[in-house]
Every structure is written in C-alpha cells, then in structure tokens.
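Structure first, then comments.
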Amino acid sequence: MAIDPLKQVWLIGPASEAEGMPERLARVGLMHVADVVGGASAPQGAVAALSADTRALEAQIRRLSETLDVLAEYARAPGGLLSNLIPTPIETTRAELASALDALRVEALHAEVKDLAARRAAAQAARDDARRRFASLGPFRGLAIAFPAEQALRWTSSHLWLVAPKQARRIIERRLVPDGVTLEQVAVAGGMALVASVTLREDASEAFARLHELGLEPVPAPASSTTLDAYVAAIEAKGAEAEKELAAVEARLAELGKLRHQVELVLGHYEERLETARAASKMLTTGRAAVATGYVRERELDAFKAAVGRELPHVALVVEDPDPAAPVPVSLTNSRLFRPAQFLVEMFGLPNYRAFDPSAYLFVSFVVFYGFCFGDAIYGSVQLALSWALLRRYRAYPGLRNFFLLLAWGGVSSILMGALTGSWAANLWEGKYLGEGNPLGWLARKLMIGDPMEKPLVVLGLALVMGVLNQLWGVTMKFHGCWRQGDWKGALFDAGLWYLLLPGVIILVAAFFEPATPGWLVTLGKWLAIVGAVGLVLTQGRGEKSLAGKIVVGLVSLYGIVGSYGVLAFVGDTLSYSRLLALALTTTIVGMAVNIIGSIINQMLGAPFLVGVLVFALVAIPGHLLNLVLSGLGAFIHSARLIFVEFFGRFYEPGAERFAPLGASSGRIRVVD
Amino acid sequence: MEEFWKLYFTQTGIGWAMIGAMMAVMFGGVGSATGIRIAGAQAGGALSEKPELFGKLLILMALPGTQGFYSFIIAIYTASRTGLLAGKPEVTPLQGVGLLFVGICAGIVQWRSAVYQGEAAAAAISMTARRPDQSGRSILIPALVETYAVVALLASILFITWIMGIKAPVAVQ
C-alpha cells in the first residue's frame, strides 16, 4: 500500500533517432514522458524542442469527431444501457484496427456527412416553415381569390394578413387603419381572419409597419401572382418535398451509421498518435543529439531497460532518483484488500510523490460510514450481488474494478448494519407483512441489537463518537505525514498538541451535557485543554518574525482560521457526522413507507392470498429498488464527503499528476491482442 | 377547535414545539434543494464539456445537502427533548414558544447558508472544470460556508437543552 517508487530516466541518442523516439517509447508503454526543460523556459539557440507537426493529426481528429457526432444519432453505441452509463474503451484487435484504418476514407466520409447534415438542417427548416404556414393558411384552402406578387401591381400594393377575428373587427369598425389604406376581411376559418389590404405603392412601407403594429401577421407574398388556393397547395407541396428530402437524407445517414464502430476505432487510433506526437514536444534535440526524460516505476525498470535496448539500440539510458524539487507523477499500488479505497483517492486527487497514500487509512471509515447510512440487510445483499456481477464484467478496467469492489464492501457493511438494527427491506419481516412466525422475522429478531427509530439520540451519539474518532485519526495522519518527512516540529506542534486540546474539549462538552461526570475527569479535561491551547498559541505562530505576530497567529489558530486545525473546525466537522443518523433513518423510513403502501393497496383490493402476495410484490419491489438506488447514492456521496472534507481536511493535499506511461492507454480504444 | 387550541397551544406547548421543529425542516430542506439546484446547474454545464469530471463534481453538487440533514437533527432533537418521541410530551407553552423561535431562526440560517453554499459550490465547480488537479482544494471553498450552518445547529442544540431545562414558568408581573 503505497505510492510506487519511481526512477527518473534520461534517454540520450544521436539526432537521427529523434524522429522515431516518441513512437518507439509509446510501443514500450512503460515511461511517463516529462518535459526535459521542466517547463521553466523555452530552449534557446541550437537547442530546440523536438518539433512534431500535430496539425494534420488534429485536423483528422476534428473530422472524425464531427462525423461521429452526426452518425451517433443514427447508430447507438453497442452494449445497451449499462455501457452508456459506464463508458469503457472499445475492445478491438490489431487486425480489426488495421482493417478499419485501411477501409475508412476519412475525408470523403466527413465531406459527405457534413453535406448530409447541412441538407438535413435545410430540409428540417423548410418542413417546419411549411408546417407553420400551412397550419395558419390551410383552413383557407379552396378560396380562389387573387394573391398578387409583390411587384405585380403598378400603382398600388396589396397584402394578405392573418389576425384574430375579434381584432380584425375592432380595427375595421373603429377605423384604426392609417389613411390611404383599404382593409377588408376576406374570410374567417380555423379561428383566424384573413384580411386584405390595398394601399398606394408610395405609402406601402409605412402602411405595412402600421398594420403590423396593430397585430396583423403578413402572409408572405408569392414570387408570381397566383390564387390563394394555389398558394396553399404550393406550401403543402413544399412541405411534402422537404419531408421527402429529409427521409432520403436520414436514410443515407442511417446507412452511414453502420460505420460508427470503424469511425470510433480510427478516432481512437489518431488520438493515440496525437498523444505520442505531443510527447515529442517535451524532448530536446541539439542537431547532433536527442534527449528525452521521464519516469519509470522502479519495479518495471529492468523490463524498461530491456525494451529500450530492443527498440532504441543506439540510445544511452541514464537512471537516477527523482529530483526532490521536481513535480514527480504519482502511481498508486495497494494490496488487494485496500485497492477499492484507491478509487476514492484517485477521485479526489493524487497525493504528492513525497507524501503518503491514504487509501488504506480511509478504507475502514468509508465502509463503516456507508453501512451506517445504507444499513439494510436485504438492500446490502442486492448491492453485493450486483457489484459482484459488475466486478466480473469489468475486471479488465482497474478504475471500475475498484469502484465495484468498494460497492461490494459497502454491501457487506450494509448487511451487517441492517442485521444489527433489524432492517430487512425496512420492516418487511414484521408479522403484518410476511405473517406471524415467518423465518425472516425470527432471524431479524435474533440478530437485532437495537432499533435506530426507537432510540435516535443513541444513534446520533454513536455517529458523533465516530466523528470524533475519525477526526483524531485525521490528526494522527497529520502526525504521520510530518514525521515521515522529517518535520518533527510539525508532527509535535501541528498534530501532537491537538491530541491534548481536543480530548480536553470533548470531556468539557460531555460534562456540560452530563452533570454526573466525575469531578476528576472534568479537572483532567480542563488541564488538557489549557496545556494544549497554551502550547498551540506558543507554537502555531512560529513562522512569524515579530513576537506580536507569533502571539496573534497562535491565538487565531485556536479558532481555526490559520494553521492546520481549529477548535471550531473540530466542533463543526464532528457535528457534520450527524448526517449518518439522518441518512440511516431516511433509508429505513422510505422502506417502511413502501411496505405500508403495498399493504394498503392490498387491503383495498381485498384480493385472495396468492393474488395479494403478487399485488404486494408488484408495489413493494419497484419501491424498494428505487429506495435502494436513491439511498445507495446518498450513502456513497455523503460517506465520500465525510472522507474528503472532514477527514482529508486535516492532513491531505492532493494535486499530483497521474503517472501515465506513453502509449499505455488511449481512453477510447483498447487493443486486446 | 377550541379543544385543539387548548391541548396543543395553551395547556401544553407541544403545538408550538412541533411547528418550530417542522419550520426548521422546511427551511433547511428548501435551502438544500435550492443550493443543490444551483450547483447542479453549473455542474451540468461543466459536464457537457468534460464528462470525465463526474466523480469530482458529484461531491461538490451534494455539499449544500448538509443543511437539510442539520435541520432534520434539530427536529429530531426537539421531538426527543419534548418527550414527543417517547409518546409522552411534556412541554409548557413558554417552552413551546421558545422552541418555535429556535426552529425558525435555525431554519433560516440553514436555508440561507445552503443557498450561499450552492453558489460557492458553483464557483468551485467552475474552478474544477478549468483546473481538475485543484479539485481537492476547490472543495474547501463551499465547505467554509457550512461553518455557520454548524454554528446554528450547535446553538439550536444548546438552546433546546436550556429551554427544556427551565423548571418552572417565569412569573409575569
């Protein structure tokens, strides 16, 4: 359980090797390539970054991504719902990839798909326009009135308008039309009135604006004079034409959608090549020599040396310990037991290379918190079974494997907690649901030690005790982290002194709520708190130069604004664990509600025994499944939050770069042979 | 109706206490839901660009949910100290009104702090979307807002304890 020890490697070879070096290192797949100049300054003079023109690759990736975006609408990703929820790389073979690269004409396909997408957009717009216009003018079909084109009349201008009949009447009766405009209602149909306006051509634009202001919607004039009936028929024909065009385009896109798999494979291949090409910009060349640097896991060093000897025979390899000031990437390897917790650490952010991996130290806390929140024996069993099945399916993917293993452990913890608190699909075991003397009821009563619904304050107290213990565990981690880095002052002053103050505060708070606390214990608490507080005031400002600064910082650190911790942070973080009670009760109460609803519906129907059982199952199973998903999600999020905020907040600083060997993973495809 | 009023609000104070407890739950619940909506909307935007950040953003989205739990704890503690939980409520009208004020005041702090925490979480989500390596630090920004929700929870627990510790009604001159 640790951060993998790494070695920094330098590869120095003749300039003739420079061009092929990134691709060969990608084939080796063991080295995390780092910047030779460390990103400090751009190389000058004869020394230059190994140039790699990535523009062609980027253009190809853009084409493939655009093509995939369109084709994805017509061809769903294989694998069904689960694969959509948990995306994993597409598994392929070298032969299949080579065949896809050979068969796919990327530029031609992109051009065709782009053209089809544009035609589809135009056809959709034309269809929608025709539908909209037909919806308003369709009811007037059959009217053989003249509908002149815009410029058809020499001295006058004529328009057709649509308006609500009431508004048309109001405008005409109250003579709201501007002078020089003749307005006449032609027909009323489909809840709209069709009105015609005539005005002198020179007044046309002003009259048009005024009529529009009055709420009249103009019917666009035809290109050549026609009748209204023919005009509506033309709209209908345009709509049908657009539909036909759309159907043809979509049929072709659906046909091209069959290429989705090939497109994804080729895209994954180009993304890998781009990554390799970008790695080249981290290497240097002097004209005579090429230099690359990076990191290799110590345990893989021999394999790396052998692979470099094979792939780059003219390149010299220098191995050294990583520079203490360099931002070294981090790779975690944990034992089988603690590996699931690695998922949480990777989710939050990796630790500094010189710090320590907290996976093992948070594993038990997380699993206990999860069980506390989710605590139900039947829900836990279902979760365990599901996690186990998914674990087997996604065994090849370390991230998913760790996640499902963590959920499986959460399931075990929930089973235990559910058994201890008598929660089996909430209170399903009670006689009113499964009948008196049912075996589940016998088991539940046998294993139960207490019901949180009956004694919530006891459970709240338990949750807070767990909070205190986890806080002190966090302080211990701080001590551990400082000590292993040789910072004994940090270990003793920033962590050790809290071990005096915090227990003192806990005793005093307990004495406040429980007056029967023995006097000697209160005195002990008082002295622990005083010694711890004075020690912190005297030491937390040790970085300040002036005496006043030291004292002020020391005092403020007690509160928790500066320094590693604070009394308020301790109280707040401890109270935050009260969510464990709330979540535990929520799971049980929702489950009880599901059972009650099932029972009520059953009673209402008054069905015979077997039908009744079926009805109850039909209501209860979906209800409990919903509760299982929602409560499981809540339990995961809030258990993780207690780790990330309340526990990690004491000692942990994430932010290290992930150790990512060049060529080892692409994210989109995975070559399995 | 008169009997109801007498039973819950003048002869005993259990009605006031129950309203106070539920006010705390109501304010806290509304605040948490609003805060999560604010953070969730921001996360939705970030995830449409970078779906791989789902794991990191999930916790940030859930942070404003805490106030709902704190309010729940206030309600449970009120129910417990008044004897409601055991089915034997013992609370004077004066104590009941005191608990009502505690519930309302604590609820308002939970409500507003959840909304502010949602806004801070949205800022932290933006930061994480731009600098995923800083997700650990960004989580501390909204967590700081929660301090005052904790203070309100703590004050509520203390005041409920003190109010229920009053042995006899204060004499009115």
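Per chain, numbering begins at 1; letters A, B, ... match sequence-line order. Note that the coordinates shown come from a computational prediction; the quantities given were computed from them, not determined experimentally.
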Evaluation steps, side-chain contact (heavy atoms from CB on, under 4.5 Å), between A:Glu264 and A:Ile669: CA-CA 8 Å; A:Glu264 281 199 270; A:Ile669 58 171; 5.8 Å; no
Do the side chain of [X] and the main chain of [Y] share a donor and acceptor less than 3.5 angstrom apart?
{"X": "A:Thr587", "Y": "A:Cys373", "value": "yes"}
{"X": "A:Thr574", "Y": "A:Phe570", "value": "yes"}
{"X": "A:Ser576", "Y": "A:Gly572", "value": "no"}
{"X": "A:Glu271", "Y": "A:Ile61", "value": "no"}

If I measure from the heavy atoms of chain B, does [X] come under 4.5 Å with its side chain, its backbone, both, or neither?
{"X": "A:Phe513", "answer": "side chain"}
{"X": "A:Leu460", "answer": "side chain"}
{"X": "A:Leu350", "answer": "neither"}
{"X": "A:Phe512", "answer": "side chain"}
{"X": "A:Glu657", "answer": "neither"}
{"X": "A:Leu575", "answer": "both"}

message: Taking ring-ring contact (aromatic ring centres under 6.0 Å, His included) as the cut-off, I'd like each qualifying pair that reaches into residues 123-142 of chain B, sequence neighbours left out, listed once.
response: none
task: Identify the residues of residues 57-75 of chain B whose heavy atoms come closer than 4.5 Å to a heavy atom of chain A, ordered by number, or report 'none'.
output: B:Leu58, B:Ile59, B:Ala62, B:Leu63, B:Thr66, B:Phe69, B:Tyr70, B:Phe72, B:Ile73
message: Suppose we call two aromatic rings close when their centres sit under 6.0 Å apart. Are A:Tyr577 and A:Phe369 close by that rule?
response: yes
- request: Can you label the angle between the A:Tyr370 ring and the A:Phe636 ring as parallel, tilted or perpendicular, going by 30° and 60°?
  value: perpendicular
- request: Determine, step by step, whether A:Leu642 and A:Asn470 satisfy the side-chain contact (heavy atoms from CB on, under 4.5 Å) criterion, reporting the C-alpha distance in whole Å, the side-chain angles of both residues, the deciding distance to 0.1 Å, and the verdict.
  value: CA-CA 9 Å; A:Leu642 288 176; A:Asn470 213 41; 5.7 Å; no
